[in-house]
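Proteins come first, then strands; the chains are lettered A, B, ... in the order of their sequence lines, and each starts at number 1. Heavy atoms only: backbone and side chains are in, while hydrogens, waters and symmetry mates are out.
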There are 2 protein chains.
Amino acid sequence: MKKTILIFSALIVALLVLFQLSKYSIISGDLNTEFVIAVIAIIFFFIGVYINKQSLQKNKELPYEIDHKKIESLEISKREYEVLKLMTSGLSNKEIANQLFLSESTIKSHASSLFVKLNAKRRTQAIQKAKALQII
Amino acid sequence: MKKTILIFSALIVALLVLFQLSKYSIISGDLNTEFVIAVIAIIFFFIGVYINKQSLQKNKELPYEIDHKKIESLEISKREYEVLKLMTSGLSNKEIANQLFLSESTIKSHASSLFVKLNAKRRTQAIQKAKALQII
DNA sequence: ACGACATTAGTACTTTAGTATGAGTCTTAA
DNA sequence: TTAAGACTCATACTAAAGTACTAATGTCGT
């Protein structure tokens with residue numbers, strides 16, 4: 001909201017500056033008038049595009065952002081988080097073990113402690129809860 | 001891509017029209033020049049905002065839509081799809097069976113044929129693939 | 001140096017998940 | 001009405017997943 005005020009202030013200033021510039025252009029010759037108008041139109045068109053992109057991107061990216069603070073607050077360790085991500089991608093414990101160069105029992109250990117921390121009974125539930133918590 | 005060309009064509013036409021209008025305005029009096037420029041600037045600013053909103057909203061809403069055509073093309077039946085959704089929510093076969101008033105073996109049947117259709121080995125992989133295909 | 005915790009890994013066990021196969025019922029389109 | 005497909009369920013497996021321990025390293029801050 002504060003940014004919107006700043007942007008509109010900047011726009012008003014820009015308009016005033018362009019008014020002064022256009023006066024000088026008109027005095028120096030008639031041919032420049034059309035050019036100035038065209039430049040102003042194009043500049044304001046792209047200002048509109050840019051401002052809108054800025055404001056929309058925030059609404060767009062927020063639901064995709066990973067809540068790292070929540071990961072910490074749940075006390076999920078690095079390894080557990082890695083296992084969670086690979087789990088989500090649909091890998092089995094054995095496949096995760098191969099990918100991380102660990103034994104399957106280690107993955108099971110991580111998975112079990114992960115389920116406790118996420119309050120899940122199954123890996124599918126863990127995935128669902130992790131998504132709901134915006135952890136993945 | 002075709003829309004972009006149309007939009008830019010429309011903008012060029014709009015510019016030409018405004019040039020003509022501005023000429024008449026300038027002839028009729030000097031005081032109108034600033035006003036015309038301001039109007040042009042504001043109009044193009046909002047054109048930029050509007051066009052950008054249109055193009056961004058499509059990118060934003062598409063990933064949230066369920067591709068019902070893809071479900072059909074994969075020949076996934078209603079029951080299989082129901083099982084898929086409950087699977088995604090983290091339920092076990094037994095829990096899905098209770099929810100749909102079916103036996104666990106029926107859920108297993110649906111699940112197995114679902115895995116074939118989604119080319120998945122596990123339920124977690126089925127969930128991942130279903131999300132990638134925008135089926136869920 | 002000590003304690004706390006993360007990481008790794010094992011054994012032994014229970015529980016789910018998943019496959020294969022067969023079979024009965026029901027709907028629907030040819 | 002008959003064939004096809006959807007839906008249901010069962011049995012008998014095998015394969016994963018998950019739990020409950022125990023325990024050895026390693027790391028890090030006090």
| said: Testing the basics here: between S113(B) and E80(B), what is the closest heavy-atom pair and its distance to 0.1 Å? | reply: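 So the two residues come closest at OG-OE2, 2.9 Å.
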| field | Least distance between heavy atoms, V83(B) atom then I96(B) atom | value |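 Taking V83(B) first and I96(B) second, the nearest heavy atoms are O-CD1, 4.1 Å.
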| said: Quick check: on DNA chain C, is the nucleotide nearest L91(B) upstream (toward 5') of the one nearest S103(A), or the reverse? Name the residue that is more 5'. | reply: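 Nearest-nucleotide comparison on DNA chain C picks S103(A).
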In this structure, how many angstroms lie between the [atom2] atom of [N] and the [atom1] atom of [X], rounded?
X: E80(B); N: dC7(D); atom1: CD; atom2: C1'; result: 10 Å
X: F115(A); N: dT15(C); atom1: CZ; atom2: C1'; result: 13 Å
X: K78(B); N: dG5(D); atom1: NZ; atom2: P; result: 16 Å
X: K108(A); N: dT15(C); atom1: NZ; atom2: P; result: 15 Å
X: R122(B); N: dT19(C); atom1: CZ; atom2: P; result: 10 Å
X: I76(B); N: dA6(D); atom1: CD1; atom2: P; result: 12 Å
X: L114(A); N: dA6(C); atom1: CG; atom2: C1'; result: 14 Å
X: I96(B); N: dT16(C); atom1: CD1; atom2: C1'; result: 12 Å

| Which part of the nucleic acid, if any, lies within reach of S105(A) when heavy atoms closer than 4.0 Å are counted: base, sugar-phosphate only, or nothing? |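 Base contact.
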| Base, sugar-phosphate, or nothing: which does S77(B) touch, judged by heavy atoms less than 4.0 Å apart? |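 Touches sugar-phosphate only.
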| Other residues, nucleotides, ligands: >12 heavy atoms within 6.0 Å of K94(B) NZ |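 No, because the 6.0 Å sphere around NZ of K94(B) holds 12 heavy atoms or fewer from other groups.
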| S109(A) or S109(B), whichever maps to the more 5' nucleotide of DNA chain D |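 By nearest-heavy-atom nucleotide position, the 5'-most residue is S109(B).
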| said: Both A120(A) and K117(B) contact DNA chain D. Which one's nearest nucleotide lies toward the 5' end? | reply: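 Nearest nucleotide further toward 5': that of K117(B).
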| message | Closer than 4.0 angstrom, basic N to acidic O: yes or no for K69(B) and E72(B)? | response |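 Here K69(B) does not pair with E72(B) in a salt bridge, since their nearest N and O are not under 4.0 Å apart.
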| said: Looking at K85(B) and E82(B), is any side-chain nitrogen of the basic one under 4.0 Å from a carboxylate oxygen of the acidic one? | reply: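 No, no charged N to carboxylate O under 4.0 Å.
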Looking at the side chain of [X], which of [options] is the nearest nucleotide?
X: K94(B); options: dT16(C), dA17(D), dG18(C); value: dT16(C)
X: T106(A); options: dA9(C), dG18(D), dT7(C); value: dA9(C)
X: H110(B); options: dT19(C), dA9(C), dC7(D); value: dC7(D)
X: R79(A); options: dG10(C), dC9(D), dT7(C); value: dT7(C)
X: S92(B); options: dT11(C), dA17(C), dT8(C); value: dA17(C)

| field | Distance below 4.0 Å between N93(B) side-chain N/O and dT16(C) OP1 or OP2 | value |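 Checking N93(B) against dT16(C): no side-chain N or O falls below 4.0 Å of OP1 or OP2.
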| field | Below 4.0 Å: OP1/OP2 of dG18(D) and any side-chain N or O of R123(A) | value |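 So the side chain of R123(A) is within the cut-off, an N or O lying under 4.0 Å from OP1 or OP2 of dG18(D).
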